[in-house]
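Structure first, commentary second.
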Amino acid sequence: MSETTPKVPERPSLDGLDAAWSAVWERQGTYRFDAPGDRAAVFSIDTPPPTVSGSLHVGHVFSYTHTDIVARFQRMLGKHVFYPMGWDDNGLPTERRVQNYFGVRCDPSLPYDPDFAAPEPMARKGDRPILNLSRRNFVELCTTLTESDEKAFEALWRRLGLSVDWSMTYTTIGSTAQRVSQRAFLRLVRSGNAYQAEAPTLWDVGFRTAVAQAELEDREHAGAWHRIAFHAGDRPIHIETTRPELLPACVALIAHPDDERYQDLFGTTVTSPVFGVSVPVLPHPAAERERGAGIAMCCTFGDLTDVQWWRELHLPARTVIGRDGRILAEPPDGLDDQEGRKAYAELAGATVRTARERVVAMLRASGDLDGEPRTVVRPVKFYEKGDTPLEIVSSRQWFIRSVEHQDAMLRRGAELQWHPAYMKARYDDWVRGLNGDWLVSRQRFYGVPFPIWYPLDAAGDPDYDNPILAVEDTLPIDPSSDTPPGYSADQRDQPGGFTGDPDVMDTWATSSMTPEIVCGWDSDPERFAQTYPMDLRPQAHDIIRTWLFATVLRAELETHSLPWRHAALSGWILDPDRKKMSKSKDNVVTPMGLLEQFSSDAMRYWAASGRPGTDTAFDQGQMKVGRRLATKLLNASKFVLTIGAPADDADVTEPIDRAMLAALDDVVVQATSALHEFEYTTALERTERFFWSFCDDYLELVKQRAYGVTDEPPSPEASSARLALRTALSVLQRLLAPFQPYSTEEAWSWWHDDSVHTSEWPTPAGIVADSSALDVAGTVIGAIRKAKSDAKLSMRAEVATVRVYGTEADLAAVDATRTDLTAAGNVRTFEPHPTTEPLRIEVELA
RNA sequence: GGGCGACUAGCUCAGUGGGAGAGCGCUACCUUGACACGGUAGAGGUCGCAGGUUCAAUCCCUGCGUCGCCCACCA
């Protein structure tokens, strides 16, 4: 670091610092990554690319600050910090936002309109008819909107002071991400780790796409138990169901093998009411005797147990619900009864809800509804971004093998260093509970397409068993517009020609490749060697089962290693009432508004108060405190720097000065070790505590001595104080720099040419000193202050006598700091009284 | 049903096998040559409950309670 003659403003202020210093950092490339040629000298961070579907909220400010604190610490340790930013613009959230924002829908059957111009945003939902767009026009619109969102995101991050290298920014829809994602996928296909299958899959009828196990969530949903009679000859067999509309999809009744009530029925058939379909009664151990009537209606498909029975008992499929969530026009095979077909015709085209009402009416009319439906609220599976309950439909989908890698995943989880450590349990739970391979295809538009085509046979049907894989050199490709090798463009969708895979990949299938994308896995071997495996994955704990798991899986499959050494999980932001921060509230309190109101340093201070993994309350009080700390640092710096320089040959000689520096050494050790463990909260707390006592006690005590009688030349005593003050200030500015980059940079700039953020992290100076000078002086000045406060006097009030009762050591400490105490307390005389008792002070005011 | 975490002052949270802490808020006071976006002092807690281990437990062990979350089940 290069010290200069201090230039301190008349009245330091936080106002304007954010804009001024962000511009300087950008201009000077302060956070630019330069490859050192040595992996050990790099600290690489796998930043979470925030979803671009609206705006960032205070929760983002919270967790991204945590990462930045670590990045700044590592940079000051001398590491070359590899810290890119990404935007997750690919995927459903963007599509939904574009649909709602512009009032449009994608219709892939429409032709591309090259002259299409983006419509004005809708003022209110539904204020004009929905506009249908071709896939390509729709994708272009998605790109337009995300680009403007990303600009706003970057502006916020710069304002917050994230020390990312903005020259390395990536997007998950960008060509690099597409290429990496497609290349990795092709390799998985070749190695057999990706495959396609026609299978029952969880399906969101709102978005009309398959979804993965990881994207499910349970929600409390109101329904009703219906007790319905099947018929074994004249004998009614009652089942209970919450989904009577699936009655025409029933393929069997199932009871537990040991259930005495149904022994005589096993192997026989019964007839469904209304629809008159004959179905077998079968035993299966997954049937629970205690639940409902103890005998279940197995349908195509009501839930995952139905799928299990269908599979294990080799039952037929009777699909009645279409991909749009409506009852199919044609009745399923096996529904042959005339009356039954008539009944079905009344359901065709109806929504699930309407169909349910109609089936119940039919059952009531036929006398097969026993009693009235009993309402019940029970958990139902939803797609986490959807708003209708999931259905299960059979469809052709791509999967990535994960079940067979379970053990390897558990081993990787154990290798990874978790912060906090207990978060590993969530990962283990998830891996152990995997019940199927990862479904990665989505029947959507704005995403990375599968780099795959299928030959069409003479009848024009795709040959799914012999997919045509794209050539890796040509990636990224879009099979809906690019032509596969060996074919010409006019053979598209023609018998004997080819067709492109219509689907796109799940967002996680791309974002699980972020380490490979940013480190140059397939494009920059040199960078890859220097940055991968990465050092840190910071992320929120709610996406352990998705992002974290998927990234570990992909790294295992591609590079047979962990993608990073450490995972740091941050918590959520809660409302002051401890509920998860609500959207409505968040719109009122925007992050940019808060940054403007409190300053970036203040917001960062609040963020730093949330420990890793811990949910934290949104607390403007903490922001005020952070602002106070930043202001205090400016003022204390001004004071120390304007009080005058120590003599050239100055030394820290006074016991109290040495004691202060020794205590600071201790703080440096503690803060450093805490930051190494990602315990930034502890580091800040230790530093801050020292800083306030430095200002309120030490500084007040040595003030008068530091001023000195004359400035030229300063006395050895004055020099000792001045040198100690400057030494401590330098250390404190650096200790606080990761937390409060703006105020520390400002104050540092008053006496240095370089940036505090590229200066060296402080190390202990190795000062050995008896702490009693500082401790005893603190006790004495405390007693003096209390006496004055009790007497409701100014702190400047004169003290006649201070009587000190204490051991020889205590009295010696008082003697050593007598000059400082006399000046700071405005004391006339000290009277030492040797005792063996603990230190006691009597103050006699003048 | 299984698991993880939390429970300490009115609020937000540190903390340690031996003295119960910080900040905010509150009360009173102080404009002292960095700072009123400041300073000084004060009031305020049976450390969720019950057992156990220990010379000693807020801390370790067991059980329970409340809250939050994760996973599973959901005919």
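Just so we're on the same page: letters track the sequence lines, and every chain starts at 1.
Look at NZ on A/Lys624: it is 10 Å from C1' on B/rG25, rounded to the nearest Å. The distance between atom CD of A/Gln620 and atom C1' of B/rG25, rounded to the nearest whole Å, is 15 Å. Distance OH (A/Tyr422) to P (B/rG5): 8 Å, rounded to an integer number of Å. If you measure from atom CZ of A/Arg611 to atom P of B/rG68, you get 23 Å, rounded to the nearest angstrom. Residue A/Glu688 contributes atom CD, which lies 14 Å from atom C1' of B/rG21 at whole-angstrom precision. One can place CG of A/Asp615 at 18 Å from P of B/rC4, the figure rounded to the nearest angstrom.
For the C1' atoms, the distance linking B/rC30 with B/rG17 amounts to 43 Å, nearest Å. Nucleotides B/rG5 and B/rA43 place their P atoms 38 Å apart, quoted to the nearest Å. The separation of B/rG65 from B/rG25, taken at their C1' atoms, amounts to 30 Å, rounded to a whole angstrom. B/rA22 sits 15 Å from B/rU16 when the C1' atoms are compared, rounded to a whole Å. For the C1' atoms, the distance from B/rC73 to B/rG2 is 11 Å, rounded to whole Å. Separation of the P atoms belonging to B/rU8 and B/rC49 is 10 Å when rounded to the nearest angstrom.
Listed nucleotides B/rC74, B/rA14, B/rC71 differ in distance to A/Arg545; the shortest reach to its side chain belongs to B/rC71. Here the nucleotide nearest the side chain of A/Gln213, chosen from B/rA72, B/rC37, B/rC35, is B/rA72. Listed nucleotides: B/rC73, B/rC4, B/rC69. Nearest to the side chain of A/Trp572: B/rC69.
Annotation: ring pair (Phe, Tyr, Trp, His ring centres under 6.0 Å) contacts of A/Tyr742 (sequence neighbours excluded): A/Trp25. With sequence neighbours excluded, the residues satisfying ring pair (Phe, Tyr, Trp, His ring centres under 6.0 Å) with A/Trp418 are A/Tyr427. Residues forming a ring pair (Phe, Tyr, Trp, His ring centres under 6.0 Å) with A/His419 (at least two apart in sequence, or on another chain): A/His566, A/Phe678. The ring pair (Phe, Tyr, Trp, His ring centres under 6.0 Å) search around A/Phe382 returns A/His221, not counting sequence neighbours. Partners of A/Ala630 under the side-chain contact (heavy atoms from CB on, under 4.5 Å) rule, at least two apart in sequence or in another chain, are A/Leu14, A/Asp601, A/Gln740, A/Ser743.
The salt bridge (charged side-chain N to carboxylate O under 4.0 Å, His left out) contacts involving residues 679-692 of chain A comprise A/Arg611-A/Glu679, A/Glu685-A/Arg689, where partners must be two or more places apart or lie in separate chains. Pairs engaging residues 289-299 of chain A under the salt bridge (charged side-chain N to carboxylate O under 4.0 Å, His left out) rule: A/Glu288-A/Arg291 [sequence neighbours left out]. Within the structure, salt bridge (charged side-chain N to carboxylate O under 4.0 Å, His left out) contacts touching residues 623-644 of chain A (residues at least two apart or in different chains) are A/Asp15-A/Arg627.
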All N/O donor-acceptor pairs, side-chain side in residues 778-788 of chain A, below 3.5 Å, sequence neighbours left out:
unit_1   : atom_1 : unit_2   : atom_2 : d
A/Thr779 : OG1    : A/Asp775 : O      : 3.0
A/Arg785 : NH1    : A/Asp697 : OD1    : 3.1
A/Arg785 : NH2    : A/Asp696 : O      : 2.9
A/Lys786 : NZ     : A/Asp790 : OD2    : 3.2
A/Lys788 : NZ     : A/Met795 : O      : 2.9
A/Lys788 : NZ     : A/Ala797 : O      : 2.9
A/Lys788 : NZ     : A/Gly825 : O      : 2.7

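Judged by distance alone, with hydrogens and angles left aside, A/Asp218 brings a side-chain donor or acceptor within reach of the base of B/rC74, the pair sitting under 3.5 Å. Between the side chain of A/Asp542 and the base of B/rC69 there is no donor-acceptor pair of N/O atoms closer than 3.5 Å. In the interface, the side chain of A/Ser794 is not paired with the base of B/rC30 through any donor and acceptor atom under 3.5 Å apart.
A salt bridge links A/Glu798 to A/Arg828: at least one charged side-chain nitrogen sits closer than 4.0 Å to a carboxylate oxygen. Checked for salt-bridge contact, A/Asp204 and A/Lys381 miss the test: no charged N lies under 4.0 Å from a carboxylate O.
A/Trp606 has its ring centre less than 6.0 Å from the ring centre of A/Phe62.
A donor-acceptor pair under 3.5 Å links the side-chain atoms of A/Asn635 to the main chain of A/Thr631, judged by distance alone.
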Task: Contact letters for nucleotides 38-44 of chain B, in which S counts primed atoms plus P, OP1 and OP2 and B counts the base, heavy atoms under 4.0 Å - done: SSBSS--
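Between A/Ser637 and A/Lys792, it is A/Lys792 whose nearest contact on RNA chain B lies nearer the 5' terminus. With RNA chain B read from its 5' end, the first of the two nearest nucleotides for A/Lys788 and A/Thr241 is the one closest to A/Lys788.
RNA chain B forms stems at B:1-7 with B:65-71, B:10-13 with B:21-24, B:26-30 with B:38-42, B:48-52 with B:60-64, each a run of 3 or more consecutive Watson-Crick or G-U wobble pairs whose two key distances fall under 3.5 Å.
Residues of residues 427-435 of chain A that place a heavy atom closer than 4.0 Å to RNA chain B, in numerical order, are A/Asp429, A/Trp430.
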